Each structure stands twice: as structure tokens, then as C-alpha cells.
Amino acid sequence: MKSKETKHVVPHDFRPGQERFRAEVLGGLRKPQKELPSKYFYDEHGSHLFERICTLEEYYIPRTEAAIMEAYIKEMVELIGARVLLIEYGSGNCAKVRILLDHLRDPVAYVPIDLSREQLLRVTKDLASNYPRLEVLPVCADYTSGFELPMPKRPSNRVVVYFPGSTIGNFDPIPAMNFLEHIARVCGPGGALLIGVDLKKDPTVHHRAYNDSEGVTAAFNLNLLQRVNRQLDCDFQLEWFEHYAFYNPTEGRVEMHIVSLREQTVHLGDVTIPFAKGESIWTESSYKFNLDEFKQMAAAAGLRVEHVWTDEQQWFSVQYLVS
Ligand code: AVJ
């Protein structure tokens with residue numbers, strides 16, 4: 001039995017190295033508008049803070065998405081069908097996929113893909129014990145770059161990608177379309193994408209969702225600097241930086257920044273990075289969509305929206321796209 005257990009926790013490993021992290025941080029901080037990639041929020045502490053964000057009253061996304069999933073899961077699994085290979089991009093703590101795993105008919109395998117190796121190993125073990133008949137094939141990878149999919153033992157009827165949480169909103173429009181195109185290729189003909197898409201609404205609601213009263217989002221944002229300090233021989237002084245997030249209605253996105261409260265210099269190894277007072281590092285965009293905008297983008301990527309489920313207020317949507 002030991003060999004079986006071991007097999008479940010050895011991921012297909014495309015561990016994105018320290019070198020790439022350093023290169024992307026340095027590249028971002030050298031741009032005229034400084035930036036850091038949002039995918040690096042999720043180290044151990046960052047993932048923990050994100051889980052706290054997901055319990056905040058202001059951050060309506062997780063509970064709204066979960067309510068839509070619960071209300072319509074029967075319709076969803078009906079459309080998805082039996083014996084599918086289910087792939088999740090950015091599986092995190094794998095909490096959201098459980099409702100699918102609980103209802104899908106005889107899924108062939110589940111492939112969680114995540115950057116965080118420790119979390120991936122931990123949740124893969126849990127899933128393997130909660131779903132003993134399910135083949136779990138974890139992949140440790142940065143899904144924004146290339147990696148190979150593992151091969152399940154049994155043949156599947158269809159490949160279905162699950163991409164919840166409106167993480168698609170973290171991509172700028174052209175990369176978002178390219179990513180949908182990539183997903184369409186991974187699914188192949190007859191495949192499908194079940195995706196969570198946050199919808200445009202009162203800008204005040206967007207603003208509040210990224211400026212919570214407990215300051216958890218601020219801590220989540222600033223943790224990125226702490227992570228850079230910890231992992232890259234860097235000396236950001238946290239007390240001289242501040243969380244700043246706002247909804248940009250022209251672009252239809254929430255922008256998160258970290259603003260320098262004074263003129264200062266930061267050192268990354270032997271590189272010196274100057275900051276003017278009030279200068280910002282752009283750390284994340286969260287695009288919000290109209291149903292029609294998203295449909296257009298999907299179509300441009302070769303995906304057809306087959307079904308849209310929303311909550312009563314039309315704040316969030318879960319969409320089933322076919323290739
Ligand atoms: C999980 C990427 C969808 O953009 O809303 C939460 C991350 N950032 N609060 C989002 C996040 C700030 C979240 N995504």
C-alpha cells in the first residue's frame with residue numbers, strides 16, 4: 001500500500017526556480033511603471049492571507065461563486081458528462097473542486113496544477129484519501145508557461161478544464177485571450193471549460209472588495225514585498241510602503257498597487273532600485289466583465305459559451321464553454 005500512497009504525492013514537477021522569480025521581479029521593478037507579477041502572492045503566508053480574504057464580507061466572490069455552484073451543480077455535471085479528465089488551473093487548497101468531485105459521474109482523473117509545491121502535495125494527499133477511487137495527478141507548474149499533462153490510466157470521454165475564482169481576470173485582455181486559446185488546445189475537440197467570471201457592477205462594490213476594513217487585502221498585497229525580501233536578498237522597508245487599490249471603470253478592472261510613502265532606494269542583491277515619493281508598484285489587475293464582453297473574448301479564442309449561470313444580483317457568473 002505504501003507504493004500506492006507514494007505514487008499519489010509525486011507531482012509532475014516543473015518547479016519554477018528561484019532564478020525565474022528573481023528575473024521577473026527585477027524586470028518588473030526596472031519598468032517605468034514598476035510592477036510585480038500577481039502569481040507570486042501565493043507563498044505560504046500569502047496563501048493563508050488569501051484564504052482569510054475569502055471569508056471577508058466585502059470579498060463577495062468566493063461565497064457568490066460557491067452559491068452558484070451549489071444551486072446548479074446538477075445542471076453542470078449533466079453538461080459535463082461521465083468519465084471526464086478534470087484539470088484545474090491554480091488549484092490552491094482544492095476546496096472549490098470538491099463539489100464537482102462529489103457530483104461528477106465516474107471521473108477518470110483529476111489534475112490539480114499549482115505553483116505552490118507544498119500546498120499541492122498536502123491537498124493531493126487529502127484528496128487521495130477522501131476520493132480513493134479517483135486518480136489524482138498533481139502538476140507543480142507555472143501554468144502561464146509550458147508544461148506537460150500527465151496521462152491518466154483510464155481513457156476519458158472528454159477533457160474539462162476548471163478555472164474558478166475569476167482568476168482569468170488577472171490577465172490583461174490579450175494574454176487572457178491567449179490563455180483561453182491555450183485552454184481550448186488542452187481540451188481539444190469536444191472538450192470544455194468551466195470558468196468563474198466576475199461581472200461588472202457598482203464600482204463601490206468593486207472598491208470595497210479590495211479595500212476591506214480589516215486590512216487583510218492590504219497585508220496580502222504587502223506580503224509580496226516581504227516575500228521578495230525573504231527569498232531574494234532584498235531590503236524593502238515595509239513601513240514606507242502602502243496598499244492602494246481602486247476600480248478603474250475605463251479599463252473595467254480593479255488595480256492593486258503598492259505606493260512608496262517617501263523617496264527611497266531598495267536593494268536587490270547588488271542592484272539599486274530608486275523610488276520617488278508617491279511612486280507605485282502595480283501588483284495586480286482584476287478585470288471585470290459584461291457577459292457579452294466575455295463571450296466575444298471566448299469566441300476570439302475559439303470557445304463557444306454554451307451555458308451561463310449567475311446569482312440573483314448578477315454579480316458573478318460560472319460559464320460552460322465548449323471548443
Ligand atoms: C483569486 C486572483 C481572483 O483578483 O480577486 C483577492 C485575488 N486579490 N484580493 C482577485 C485577490 C486581492 C483574486 N483572484
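Atoms within a ligand are numbered from 1 in the order they appear, just like the ligands themselves. For the single chain, residues carry numbers from 1 onward in sequence order. Just so you know, these numbers come straight off a predicted model, no measurement behind them.
A salt bridge does not link Glu293 to Lys288: none of the charged side-chain nitrogens sits closer than 4.0 Å to a carboxylate oxygen. For Lys277 and Glu279, the salt-bridge test fails: no basic side-chain N is under 4.0 Å from an acidic carboxylate O. Note on Asp114 versus Arg117: no salt bridge recorded, every NZ/NE/NH1/NH2 to OD/OE distance being 4.0 Å or above.
Using a 4.0 Å cut-off between heavy atoms, Tyr42 contacts ligand 1 through its side chain alone, with no backbone atom that close.
Regarding atom 2 (C) of ligand 1, its nearest protein heavy-atom neighbour is Asn170 OD1, 2.6 Å. In terms of protein heavy-atom proximity, atom 11 (C) of ligand 1 is nearest to Glu284 OE1, 3.6 Å. Among protein heavy atoms, atom 13 (C) of ligand 1 sits closest to Tyr59 OH, 3.1 Å. Counting only heavy atoms of the protein, atom 3 (C) of ligand 1 lies nearest to Gly165 O, 3.0 Å. The protein heavy atom nearest to atom 1 (C) of ligand 1 is Phe50 CZ, 3.4 Å. For atom 4 (O) of ligand 1, the nearest protein heavy atom (residue, atom name, distance) is Ser286 OG, 2.5 Å.
No close placement of the Phe316 and Phe289 rings is indicated, their centers lying 6.0 Å or farther apart. Between Phe41 and Phe50, the ring centre distance reaches or exceeds 6.0 Å. For Tyr131 and Tyr110, the ring centers are positioned 6.0 Å apart or more.
Some N or O of Tyr210 is nearer than 3.5 Å to an N or O of ligand 1, by distance alone.
With hydrophobic clusters built from ILVMFWY side chains whose heavy atoms lie under 4.5 angstrom apart, Ile73 shares a cluster with Ile80.
In summary, the atoms of ligand 1 found under 4.0 Å from a heavy atom of Ser166, numbered by their order in the structure, are 3 (C).
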